[in-house]
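I have placed the structure first, in the form of structure tokens, so that the comments after it can refer back to it.
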Amino acid sequence: GAVVSQHPSWVICKSGTSVKIECRSLDFQATTMFWYRQFPKQSLMLMATSNEGSKATYEQGVEKDKFLINHASLTLSTLTVTSAHPEDSSFYICSAIYRRSGNTIYFGEGSWLTVV
Amino acid sequence: GDSVTQMEGPVTLSEEAFLTINCTYTATGYPSLFWYVQYPGEGLQLLLKATKADDKGSNKGFEATYRKETTSFHLEKGSVQVSDSAVYFCALSDEGAQKLVFGQGTRLTINP
């Protein structure tokens, strides 16, 4: 079946640095991908919708200058957390729409970010 | 706005026990409802879905019925197995949209 892969699965970075998380659709093209984050014991919260070849659409309250999303190809979207701070430590997960499969949504494995 | 509330976990059961994980929702329109499952080290996978009132979604022995009158979509399984141990997420999407609104997830552990 369709697979979405995220990398890295775990990342630790120093406060003030930037970190990039990749989301790839391995065997299908995805014009639309979504980025979510999850705090411990809380829901997965949608951060933004990533559209291939155009700017991402951010949800209310998400800082677009801090969470840079790039969807430069039909199989890759990246989330860059800029000037990371400890409060950005979270679980980030992406999903992609497989339109040829009735718009089925496939999720990546998620990425744990810890900012120290 | 739309929201989903799930039974708080963790839930621990013995093998072959009956499972219910409660899920209720708030939505302005007529959403589609989903249950996703996340096994350790893997991404979320769609377990089942229902797109309109009174629909029953089912898969792998799990069932959930879309109850508009009680705004609920409770997940049930008659006899759980150790392999069902995972985190389960209830979610909704507004009609026509593909954005998902998730509950907080319920961690299920089945002991042999």
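Since we're looking at a predicted model, the values are computed, not measured. Below, chains carry the letters A, B, ... as their sequence lines are ordered, and counting in each starts from 1.
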Item checked: Residue-level interface, residues 102-112 of chain B with chain A, non-hydrogen cut-off under 4.5 Å -> B:F102, B:G103, B:Q104
Next item on the list: Please check if the side chain of B:N22 supplies one atom and the backbone of B:H74 the other of a donor-acceptor pair under 3.5 Å.
Entry: no
Notebook entry, point to check: Is the backbone N or O of A:T78 less than 3.5 Å from a side-chain atom of A:E22, with the two atoms forming a donor-acceptor pair by type?
Noted result: no
Notebook entry, point to check: Hey, does the side chain of A:H71 reach the backbone of A:S50 with a donor-acceptor pair shorter than 3.5 angstrom?
Noted result: yes
Checklist line | Contact origin within A:T32 toward chain B - heavy atom pairs under 4.5 Å | finding: neither
Next item on the list: Against chain A, label B:F89 side chain, backbone, both or neither, depending on which of its atoms sit under 4.5 Å from a heavy atom there.
Entry: side chain
Margin query: Checking the side chain of B:S14 only, and the main-chain atoms of B:A17 only, is there a donor and an acceptor separated by less than 3.5 Å?
Written below: no
Notebook entry, point to check: Between B:K68 and B:D54, does at least one N-O distance fall below 4.0 Å, as a salt bridge requires?
Noted result: no
Check: Do other residues, nucleotides or ligands put more than 12 heavy atoms under 6.0 Å from the CD atom of B:E8?
Finding: no
Note to self: Using a 4.5 Å heavy-atom cutoff, which residues in residues 52-60 of chain A come close to chain B?
What the structure shows: A:E59
Item checked: By ring pair (Phe, Tyr, Trp, His ring centres under 6.0 Å) - contacts of B:Y88 (at least two apart) -> B:F62
Report all side-chain donor-acceptor pairs from residues 4-12 of chain A shorter than 3.5 Å, counting only partners two or more places apart or in another chain.
residue, atom, partner, partner atom, Å
A:Q6, OE1, A:C94, N, 2.9
A:Q6, OE1, A:G110, N, 3.0
A:Q6, NE2, A:Y92, O, 3.0
A:Q6, NE2, A:S111, OG, 3.0

Margin query: Please classify the contact of A:Y36 with chain B as side chain, backbone, both or neither, using a heavy-atom distance under 4.5 Å.
Written below: side chain
Note to self: Under 4.5 Å from any heavy atom of chain A, what part of B:Q45 do you find: side chain, backbone, both or neither?
What the structure shows: neither
Item checked: Contact class of A:I93 relative to chain B, heavy atoms under 4.5 angstrom -> side chain
Item checked: Region of B:L46 that comes under 4.5 Å of a non-hydrogen atom in chain A -> neither
Margin query: Would you compute the distance between atom OG1 of B:T71 and atom OH of B:Y25 and round it to the nearest 0.5 angstrom?
Written below: 5.5 Å
Check: Going from SG on A:C23 to CE on A:M33, what distance comes out if it is rounded to the nearest 0.5 angstrom?
Finding: 4.5 Å
Notebook entry, point to check: In Å and rounded to the nearest 0.5 Å, what is the OG1 to CG distance from A:T80 to A:N70?
Noted result: 7.5 Å
Next item on the list: Kindly compute the distance separating CG (B:L75) from CG (B:L19), expressed to the nearest 0.5 Å.
Entry: 6.0 Å
